[in-house]
Amino acid sequence: MPTLMVSISGIRGIVGDGLSPEVIVKYTSAYADFIEQGKVVVGRDARISGEMVKQIVTGTLMAKGLDVIDIGIVPTPTVQFTVKTLEAQGGIAITASHNPNEWNALKLLNSTGQFMSPEEHEKMKTFLSTESFYESWEKLGKREEYYQAIDNHIDEILKLKLLDTEKIRSRKFRVLLDCINGAGVYSVPKLLDKLGCEFIPINCDKSGIFPRLPEPLPENLIDTMQAVKENKVDLGIVVDPDVDRLVLITENGEAFGEENTITQVVKFILSKTPGNVAVNLSTTRAVEDVAKEFSCKVFRASVGEANVVKKMKEVDAVIGGEGSGGVIYPALHYGRDALVGIALTLQHLAIKELSLSELKSRLPQYFIVKKKIELQNIGPDDVIRNLIFKYQNQNLNTDDGLRIDFEDHWVHMRKSNTEPIIRIIVEAKNKKLAEEIADKYVKEIEELV
């Protein structure tokens, strides 16, 4: 894997091997030229390198004449929310999300608190090739500490019209909480306290060192799932290091399923405020099944938060997100937000008076299988073109690679932006069928390679 990855959301790399001080200054300077003037919100996750990166970022912004609002160690959605509420001109979240300890990144936001659009990203990149200009001493920017950002974010969640906080408190949920020693340690306990939940913390110290692989996949959560069962709690809540993804564990110590996180939130929201839904092309078909119950439509976008948000705005969606556990609730702000996902989930459980496993059993059940194929003698675009030709008479979507919808399954094949590989995602009604179908597509692509 390359040690520096550049995408529409910013830059990501290994500290000291790709993500160097010079690279941080270069991209921060270009971002400052894109912003031009005003104030920029800066927040970071808890990882060890965060303070070093923040010092370079804030110093560069000030040298470019921009004022910095430093909100400390916070979730990425808190940075997004604060850009919007303080009417700043931009924001930088310093986090490598679910990457391991050695990684860090700059997530670059526009004046709405959202990831930059493709057009904005292209404009920013033009400044990478120009000579950096820094202000003289009397025109330097100023830095302001603003450490109430998390409290403001949580207060606005509690004010949401669909939340009956007294109803949630009356359930007296017992929760096992795993924050992977990340930014969730500074935020999720505050939310749970205000919702009257008793919680048992694991991986909730402020060391900033991840004790396991930080991506909240079932294979990385074996100890956490066991702890849920042993402590006889109502549910387990797991967030990634920057708290934009929410993963749930049932009272039986079993994975609720990332795809079910967005599905159950969609079901709750549509039951109260019917409207359009937007998710990405790799998200479960269960969302469509749920939407049909309420005579609502689902619109699909290319993979990536910025793409989903763009689609949500286009169709005026009341709820959206991604199957990786990313809930986007525009009544609060346009960004994946585990904090609002937690609140909406607890509300759903409280109203239905169900356990988490019972709630899961009432959702449409599908199984997703993910594969990837390394390419050698053929480019990923050529592979996709060949597949489009082969399946031209089927129900195709070519917005982001190729998605084909069949009666008994769907498949999404797309190229990686960072590696010479094709990703294959297949969903079917049972695991055996999903595996068999995925293997079929793998063989088809291997024949092309």
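Since the structure is predicted, the reported quantities are computational estimates derived from the model, not experimental observations. By convention here, the first residue in the shown sequence is residue 1.
Donor-acceptor pairing under 3.5 Å is lacking for the side chains of Tyr441 and Glu446. In this structure, a donor-acceptor pair under 3.5 Å is present between the side chains of Tyr146 and Asn152. For the residue pair Arg12/Asn99, the side-chain donor-acceptor check at 3.5 Å is satisfied. No hydrogens or angles considered: nothing links the side chains of Thr165 and Lys194 as a donor-acceptor pair under 3.5 Å. Of the N and O atoms on the side chains of Gln264 and Thr345, at least one donor lies less than 3.5 Å from an acceptor on the other residue. In this model, no donor atom of one side chain and acceptor atom of the other lie less than 3.5 Å apart for Asn307 and Ser302.
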Solution key, residues 362-370 side-chain donor-acceptor pairs under 3.5 Å, sequence neighbours excluded:
unit_1, atom_1, unit_2, atom_2, d
Gln365, NE2, Lys360, O, 2.8
Gln365, NE2, Leu363, O, 2.9
Tyr366, OH, Asp289, OD2, 2.5

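Remark: Gln114 pairs with Asn110, Thr112, Val309, Lys313, Tyr334 by the side chain to side chain contact (heavy atoms under 4.5 Å, CB included) rule, at least two apart or across chains. Qualifying side chain to side chain contact (heavy atoms under 4.5 Å, CB included) partners for Glu145, counting only residues two or more places apart in sequence or in other chains: Arg143, Tyr147. In terms of the ring-ring contact (aromatic ring centres under 6.0 Å, His included) criterion, His412 has no residue partners (sequence neighbours excluded). Not counting sequence neighbours, the partners of Asp405 by the side chain to side chain contact (heavy atoms under 4.5 Å, CB included) test are Arg285, Asn395, Arg403, Trp410. Looking at residues two or more places apart in sequence or on another chain, you find no side chain to side chain contact (heavy atoms under 4.5 Å, CB included) involving Asp316. Listed by chain and residue number, Glu122 satisfy the side chain to side chain donor-acceptor pair (under 3.5 Å) test with Lys125 (two or more places apart in sequence, or in another chain). Remark: Asp381 pairs with Lys415 by the salt bridge (charged side-chain N to carboxylate O under 4.0 Å, His left out) rule, at least two apart or across chains.
A salt bridge (Lys or Arg N to Asp or Glu O under 4.0 Å) with Glu322 is found for exactly one of Arg336, Lys311, Arg300, namely Arg336. With respect to Val266, the side chain to side chain contact (heavy atoms under 4.5 Å, CB included) criterion is satisfied by exactly one of Thr283, Val277, Val318, Thr261: Val277.
Applying the salt bridge (Lys or Arg N to Asp or Glu O under 4.0 Å) definition to pairs two or more places apart or across chains, those involving residues 162-180 are Glu166-Arg169, Lys167-Glu353, Arg174-Glu198, Asp178-Arg212. The ring-ring contact (aromatic ring centres under 6.0 Å, His included) pairs that include a residue from residues 274-296 number zero, where partners must be two or more places apart or lie in different chains. Identified under the ring-ring contact (aromatic ring centres under 6.0 Å, His included) test for residues 244-281, with sequence neighbours left out: Phe268-His348. The stretch residues 251-277 participates, sequence neighbours left out, in these salt bridge (Lys or Arg N to Asp or Glu O under 4.0 Å) pairs: Arg245-Glu258.
Between Lys443 and Glu447, no side-chain nitrogen of the basic residue sits less than 4.0 Å from a carboxylate oxygen of the acidic one, so the salt-bridge criterion is not met. Ion pairing between Asp193 and Lys190 fails under the 4.0 Å rule for side-chain N and carboxylate O.
In this structure, Leu246 CG and Asp337 CG are separated by 9.5 Å, a value rounded to the nearest 0.5 Å.
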| Please walk me through it: do Glu144 and Asp70 pass side chain to side chain contact (heavy atoms under 4.5 Å, CB included)? | CA-CA 6 Å; Glu144 168 192 356; Asp70 181 351; over 6 Å; no
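Heavy-atom minimum distance, Tyr31 versus Gly90: OH-CA, 3.3 Å. Of all non-hydrogen atoms in Asp244 and Ser97, the two that sit nearest each other are OD1-OG, 4.2 Å.
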